[in-house]
Amino acid sequence: MHERLLPASPNWYCSRCSDVSSRGLLGVGAKNIIYLIDVSASFCRVVGELVGHKDLVSGISFCQHAGQSHMCVSSSTDGSIRFWDSDSKALIREHAAHQSPVSAVHWSPVDKNLVVSGDEKGIVVCHWYHTGDTSSFFPEPRTIFCLTCSSHTWNFVAVGYKDGMIVLIDVSKKGEVVHRLRGHDDEIHSLAWSPSDREDAFYSRPEDIDATNGACAEGEKGCYLASGSKDQTVRIWSTAKGKSVMTLKLPYLKKRGSAVDPGVKERLWLNVHWPQGHPTQLVSSCFGGELVMWDLTRSGKQKWTLLGGSSEGQNHTRIVFNMSSVHLQDGRELLISTSMDREIKCWDLASLDCCWTLPTLGGFVYTLTFSPVGAGCLALGVGDNMIRVWNTLTTQNQYDTRSFWQGIKSKVTALAWHPKKEGSLSFGTDDGKVGIYDVFSNKPPQISSSYHRKTVYTLAWGPPVPPMSFGAAGGKPSYSLYSCAGEGVILQHDVSKLSGEASDIDKLIRDTNNIKHKLSPHTDLCWKPDGKVVAIGNEDGCIDVYQAPSLKLLCSIQQHHKIINTLRWHHGHTSSPELHCLLASGSSNAIVYVHDLRSIIENPSERPVVLTEPYRRLCGHTAKITSMAWSPHHEGRLVTVSYDGTAQVWDVLQEAAVSNYRGHVGYLLSVDWSPVDPNVIWTGGKDFTVQEWRVSEQEFTKPPKGKKMVELKVKMKTKPKQKKKNKKQSGPGGAASAEMNGQPAEGDQGGTGPGLSSEEDEDEVSSTNSSVPPAVSATSETQRKPAAAVVKSKDRPDTTLLKKKKPRSMLPLSTSMDHRPKEELLQDCITLASVKHNKVPPAGCVPGQGEHIHLGLFTDRQALHRMFEAEVEGHVEAGHFESVVYLRLWSGDLEGALQLATERGELNDHLLSIAPMAGFEVWNRTAEAYVKQLCLQEQYLKAASHLLSINKLYEAVALLHSYKLYREAIALVKARLPADDPILKELYTSWAATLEKDGHFSAAAKCYLAAGASFDAAKVIARKNDVSSLMTAASLARISGEVALAQSLALRCAKDLAGVQDWVGAQDVLSTQESLLVHRLHLCVAELLAAILVDSKVVPQACISTHPWASVGECHISFQALVRDVWDEQFGVSQKSSGHCSAAALLQELKSVESPAPTANVPLSQVLLCSSLHLTRAVLSWLLDNDAQLIKELWQAVAWLRDAGHSSVSSELCRLLFPDGDVSVYSRKHPETLNHTEEDAKAAAISLQAFVYYNRLYERWWNNSPEDGSSLSAANSRPTDEVNDEAVNGGSSESGENVFSPEVCPPRRLEKWDFDVSLLLSETHAACQAMQRSIREIQERLATMVLQHSRAQGGQLESGEKQEISSITESPDRQGSTDAEQQPDNQESLLSLSAKMLEYQKQLADVPYTVKMYPRPDVVECCLVLLHFSESSPCVSESLQQQAKDLLSKYGTGASVLKACQRFLT
């Protein structure tokens, strides 16, 4: 469709955004389009586009296999992968396997069906072209920058990441990582495989190879891989060994005559390419756009050669992003490179010279114009902040262009060649700058000192007008430069003195034509080629034609009704004089009008003429007209471009469409006719391209019918009144649409992800091959062209979609009168003029009432009040009382307005602020009403503030209190009332109660403290019941003088700390209270006891902190003597202490501490604390020489441990208290022999002695066991009470073995006892223990019978009860009863069993108190042990054996005992 085309610039910061096929077809990704360019050694030509991606193209790769070389694949930041046929320009398949923007894609050079892609999240996807299948891998959780498939092994893929890591993966093994190549420390920009499938050594000198990473031995399987990184190095890797074999540091090449840019190294993009025909040569980019060829076999420092070094200006001027190469049929290899300088270059790798350069565009083509003097010289104004001047007639280089950027900091939106002076080009920019370039010199442009405030729309050269035309004969230039910009102003610039101030031509227009009213903002101007008249287009659609030089208004064309976008006079080159005065105009209403002004110009009238009918009307476009141009070769031929995306050629005289061009994607902005070829037209637009096309070769003759235009015509026919509303609506791609946010041409702004070579975001990224994007209308009539569009922020919602709600009118009735038909509105003007200028109003007209209510706003005050009354009635009926309030306020009825607002509950801050104007009483009453209203609205703080404003402090405090805003209420009271005001304490107390209820104990305590209730503060903190809270509460109580509470809290805290064996912490807590000395002594005993038991390995180590004096080491004295020494040294307590430290006072205080009854469920740490309490009392009794109390407390200490189920600990305590085994010898260090006179004390001493002997009996048993120690370890490993049960039950352990059987553990020979064994064989205690056993057995049997009876009565037993019955009825005692007594349980009744139990209880009651109070070890058990001893040792006398047998036969009544006794009694 087109001849030549300047494409959009390739996208920046992409690893593979261009690729060339084996047939020489180059694919370049620009924005969301892929341009296809046919390349050879001498020329290039854009042959088509691939359109379909919704977002930026991030990669493209051709299939390099024969038969499929026309296939290519592309990736996009929209996450899609697309397969294309480059011959038919058609989409074959699309994959959406990625969820994130795709950053790299490559078609495998080995497998014709494999395509690999990677995205920013690190996902690698394999696409199989022939089946359409995909598979995903996640080798590394990093951002992928580039990837490349191996040139020799189909399943190997190298992936480069943002952090400098390179990973070699095997896609045949689910993405398994083969090697991780570490060496780079910044982004990996490019990867390239060596064309050779072997890793041969590059050097002849081994010292040039990396010392640690040598190359593989010759013939070893592998292939070299080259990588380029932002760390300014190129590395060569051995993939066989996974190591770097060579590192190349980029050279910094300073350009001739230029200074060193310190930021050039920061903007580096390092691309590498390994040409197919050069296995030992590698091409890489450099800092400033240079390309260097590395000779990998060369030794020395300089291993590189610069491409294009033979002549100046061949290299790129900015960083290079992509390189690809192709072999031609003649054997030459070409290298194609793309760069940030927006040029695509072709290089001959044999000569290293540049073959050709294809310029590209990085922005909208806002304007293009041919020079009237230099034939074929085309100037382009582009949105990438540059001007291009293209010599279109050059035969050697079809794309001979020069770029001009100096002095330009914004988009170039307007251009105009000087009519006579060759090379003089004026330009206007988006930031309001106007300047002039001499395109044939290298000088910077001349810039006008007068800036526009907005975008420059149009530039035009014309004859000077006053004041610059004064004195023109005296050497003044014959042309001035006129500029029209977005603020609606046209400035005249003096080209001979651009530093001077430009003049606004509006002043001359006003003066010449005696205009008093405001001129409409100007939007375009065009001088007639002969300079006699100028046409100026305005924002209101009017076109004014002025006569030079006075700018007298000749006529006004009121044909358009929308903003004028473009004006063009006929060139006048034709022989037909009737065409010389044709003026074509285009606006935003899509119709082109042509007016013939010949009669007006040649015969001007005294008064301006108004034209309302055109000479010709050209209809066909479906969107606004942006530019037009007359053909210099034809009579009456005009080309126009539009937002409908097409260019239309017209035969004006015939009003006929000749040809329609649809080669662009998106709307068009500029057009010009070739000055040398009547069949060629040039157009530019939103798609960043300039296209040359032939009129005669186009398929279509008329613009396409836009859907929006059809709907608009239907809507205009049915609802003509809606025209204005439709005008305000904006489509999805209106004039305010943004272009692409890209990089300015001036600075190389580096980026890390795929970027754009453009400057703005597209508004029609989703457009397809169709050349008809949706027709749109401007969002504002003041925005004339897309250059004036404001770039939308991506973060802001579209204002056309989220319209702000229009506020309700205060005067709706009068406002509605202004929306009547046009005829009635015009009649209103006549009526108002009659009222204003005639004393008597027209009949039936009362301004402010009835049909003339709206005229009350334009006449006197009485009419205004009448209008207000009518508006008030309307608001009351509609329920808009707020508007009624304001109308009353405006009319001066302030009190009435406040009263109405109060009644309606619609008071506000504004009304309250003006209430004082009505008096204090009104203000006070209004404030109180507003407070009630605010409380209903739950704005309590605001309500309290308004109470303060009327000096009602206590009411404000009460309001805050009632709504539980305690903090604010307290702050207010403390700020405004005395400190002793009782309301303050009440607030603190109420707040504390609320906080305590909610569980905020610390905050509640602060309130109690502030209220003076220290006791309550301590109690509430202690409710948390953890150590830190108790410690804080105790300290708080002590500081506040609450001594008793402080002591109790400190004691609670210390016990908790002692429970977890934090002994140091516990002592620290108690040390703050002097009266808690006895509890410190108690914890001291507990700490010593725990330390010794841990040292004896009787209890496990669980201590958090301990004191140095608790480390006893090897102790050779009794435990009580050790305690006495520590007390004396650490606490100053001894027999000599007096006062509160005396032993008597301490003992009396300690007696008040209750000791709970021991149970099996109490933890060992708590048991030790209770036992140590009795030991503390015993030591204090010792200091007082109270032997009776001493022995009873010692007995309690030992019994506590035994009864709680810790017999082994109890046995160890006995050993610690009485190392010699004699309870009468209490201490050797402090000689003390106990003499007991009381009966209880004697009984306690004998019981304690018996348990000491009992423990020694078992020590002898285990010490005389076999040498292997198995029995000893077994005894030590289980509690003594378990051994007792085994002995009573016939020595049967749970495993079924007989513990006391000589075959199991025969005792060794013991010659003599070292203690009185007969003490263990007390018949009185044996009888008592037998009765207690019988009572327990009867109780168990009675419980069993009761459960059986309940089941027999029909009650279904629960599963738990059944298990309980089973466990009782199947106990060992019941099973053994058949062997002993042969009496089944069911032969005894409930009554007989009850009688037996009653008899036993009576007998037990007759037993002496001391026997039950101070029991001894199980006598039956001791008898069995002694009889076992007698079988292997002579230490048991005959009399002792006989005594044991007698006791067994008399009291061994249990079934298990009888079983164990059979061997001794038969």
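Heads up: numbering here begins at 1 and tracks the sequence. Here the structure is a predicted model, which is why all the values come from computation and not from measurement.
- Relative ring orientation between Tyr482 and Trp527 is described as tilted, the plane-to-plane angle lying within the 30° to 60° band.
- We find that Asp511 and Lys507 are joined by a salt bridge, their nearest charged nitrogen and carboxylate oxygen being less than 4.0 Å apart.
- Electrostatic pairing of Asp341 and Lys345 does not count as a salt bridge here, judged by no charged N lying under 4.0 Å from a carboxylate O.
- Checking Ile509, Val533, Leu525 one by one against Tyr546, the side-chain contact (heavy atoms from CB on, under 4.5 Å) holds for a single residue, Ile509.
- The residue from Phe404, Trp405, Tyr437, Trp417 that alone fulfils the ring-ring contact (aromatic ring centres under 6.0 Å, His included) condition with Phe427 is Tyr437.
- Ring to ring, Trp461 and His418 are close: their centroids are under 6.0 angstrom apart.
- Side-chain contact, Ser410 with Thr429: no donor N or O sits under 3.5 Å from an acceptor N or O.
- When every heavy atom of Val412 is checked against every heavy atom of Thr367, the shortest pair comes out as O-CG2, 4.5 Å.
- Figure legend: cation-pi geometry between Lys31 and Phe688, with NZ or CZ positioned under 6.0 Å from the six-membered ring centre and within 45° of its axis.
- A donor and an acceptor atom, one from each side chain of Ser450 and Glu501, are nowhere located under 3.5 Å apart.
- Checking His316 against Ser337 by side-chain atom types alone, a donor-acceptor pair falls below 3.5 Å.
- Open room surrounds CZ on Arg453; 12 or fewer heavy atoms of other groups in view lie less than 6.0 Å from it.
- With hydrogens and angles disregarded, no donor-acceptor distance shorter than 3.5 Å links the side chain of Glu290 to the backbone of Ser285.
- We find the CG-SG distance between Asn322 and Cys17 to be 6.0 Å, quoted to the nearest 0.5 Å.
- Note that CZ of Arg510 and CG of Leu551 are 13.5 Å apart. Values are rounded to the nearest 0.5 Å.
- A donor-acceptor pair shorter than 3.5 Å can be found between the side chains of Glu487 and His452.
- The minimum heavy-atom distance linking Asp544 with Ser556 is given by the pair OD1-OG, 3.1 Å.
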ask   = Can you list the steps and then say if Trp693 with Tyr661 is a ring pair (Phe, Tyr, Trp, His ring centres under 6.0 Å)?
value = CA-CA 8 Å; Trp693 50 277; Tyr661 179 66; 4.6 Å; yes
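- Ring-plane geometry between Trp390 and Tyr399 is classed as parallel, the angle between the planes falling under 30 degrees on a 0 to 90 degree scale with a further cut at 60.
- Closest heavy-atom contact between Leu368 and Trp682: CD1-O, 3.7 Å.
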